[in-house]
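Computed from heavy atoms alone, side chains included, the values below leave out hydrogens, waters and symmetry copies.
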Amino acid sequence: MPLSNTSRSYGGVARALHWLTALLILTAIPLGWIANRLPYDSAEALAEKAQLFSLHKSLGVAAFAVALARILWALGQPRPAPLHPERRLETALAETVHWLLYLSLLLVPLAGWVHHAATTGFAPILWPFGQDLPFVPKSETVAGIAATAHWLFARLLILSLVLHIAGALKHHLIDRDSVLRRMTRGEAAPEGPVAQHRVAPALAALAVYALGAGIAVALVPPKTEAQPALAAVTSDWVVTEGELGFTVRQMGAEVEGSFADWTAAIRFDETPVEGRNGEVTVTIATGSLTLGSVTEQAKAPEFFDSAAQPTASFTAEIRPEGEAYVAEGALTLRGVTVPVALPFTLELDGDTARMAGGTTLDRRDFGMGASYADEASVGFSVDVDVALTATRGE
């Protein structure tokens, strides 16, 4: 069996890549469809949903690699001539559909891959090379555009597949020619004119995808800065910038989250009085949480319960601990109060202070994720990280 194409037949490599691509795509599409429709309402459902999405993403990456190899191989091979060159319109439509398929096989998984890389959490790709892509930032806007493009492009892929399969069946059942047999058995077509690579079908397919990309960008609303829900607080030290974040393990992978809206009322003196340097009260709007692709699930009653418990608070005394400090007090979250100590370092430069610290919490102490009784889906430990810059008030 010849591996290379001829002007009348497809070689073994082209046919193997064709059917491998078909197998990957026709498996990935239903997996994604089923995974999208599974609920998040229990640990078992979440685990099943994540597993299906992981398989869907992994097959998509594999399909991208195989499709790229297939296209590169085709570009360096003779193109078997069409069986009915006199049917110019039919031939042009068939070539356009082929180009739509080629673009779909690259752009559908690539858009999904960009969405995966631009966000965090939920359903890792099952391979050892990491979850990110070069030049793709962690960005809600990029993730939104990529997700919309993936959805639109997937519809173009399905349409192209339907037209491609319909054309193959038409040739096999109605025309009774060897179009399908050329790809299944490598059968050679009768002698005919040499096929020419035409530009118009490729340009038409590119125009369709350019329109789809434009629609994807237009459908994503511009990101607006969230307005703080918490009122400003009186503080001896005014926070000018800062981050309040945490890391949790989900399905065995680390996921980073953060709160956009929080306030800190701080009293701090360099010289301790009765073993204390001051106190701090931090109030957090739990609805300002961002946790990758599972933000809404994290705000639900099973976890932060943001609707019923819109704020969390940490009240603590500040005291020295070696060359650093510790904020020791209580964290109230979901209506549950738990003692918490948060060690931190402090750099003082005149009236400016830079603080960085962290601690580890156990979500079970706050009744979070009660139905997730083990760490297979969501880890017990939550690593909290705080960093801020504050200036001394007048």
Review point. Above 12 or not: heavy atoms from other molecules or residues under 6.0 Å from CD of E323?
Key: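 No, because the 6.0 Å sphere around CD of E323 holds 12 heavy atoms or fewer from other groups.
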Point to revise | Neighbour count above 12 (heavy atom, 6.0 Å) for Q131 CD | key: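 Correct, the count exceeds 12.
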Is a donor on one side and an acceptor on the other found under 3.5 Å between the side chain of [X] and the backbone of [Y]?
X	Y	answer
S58	I125	no
T6	S9	yes
D261	L230	yes
T286	Q309	yes
E302	S371	yes
S288	A285	yes
R334	G367	yes
R319	N277	no
H56	A28	yes
R70	A16	no

Decide, yes or no, whether a salt bridge links [X] with [Y] under the criterion of side-chain N to carboxylate O below 4.0 Å.
X	Y	value
D132	K138	yes
R249	E375	no
R276	E274	no
E270	R392	yes
R182	E187	no

What are the two closest non-hydrogen atoms of [X] and [Y], and how far apart are they?
X	Y	value
A216	I145	CB-O, 4.1 Å
V142	P137	CG2-CG, 4.2 Å
E48	L38	CG-CD1, 3.9 Å
A341	T359	O-OG1, 3.1 Å
R37	K49	N-NZ, 4.3 Å

Using 30° and 60° as the class limits, which term best fits the ring planes of [X] and [Y]: parallel, tilted or perpendicular?
X	Y	value
F246	F259	tilted
F268	Y325	perpendicular
W127	F129	perpendicular

Could you verify whether a donor N or O on one side chain and an acceptor N or O on the other, from [X] and [Y], lie under 3.5 Å apart?
X	Y	answer
D177	H172	no
T332	T337	yes
D383	T360	yes

Are [X] and [Y], when compared by the centres of their aromatic rings, separated by less than 6.0 Å?
X	Y	result
F304	F366	no
Y372	F380	no
W33	W151	no

Check your understanding: Given I266, which of V239, T281, D236 fulfils the side-chain contact (heavy atoms from CB on, under 4.5 Å) condition?
Key ->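 Among V239, T281, D236, the one meeting side-chain contact (heavy atoms from CB on, under 4.5 Å) with I266 is V239.
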Check your understanding: Does Y10 belong to the same Ile/Leu/Val/Met/Phe/Trp/Tyr cluster as L105, with side-chain heavy atoms less than 4.5 Å apart forming each link?
Key ->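 No, Y10 does not connect to L105 through the hydrophobic network.
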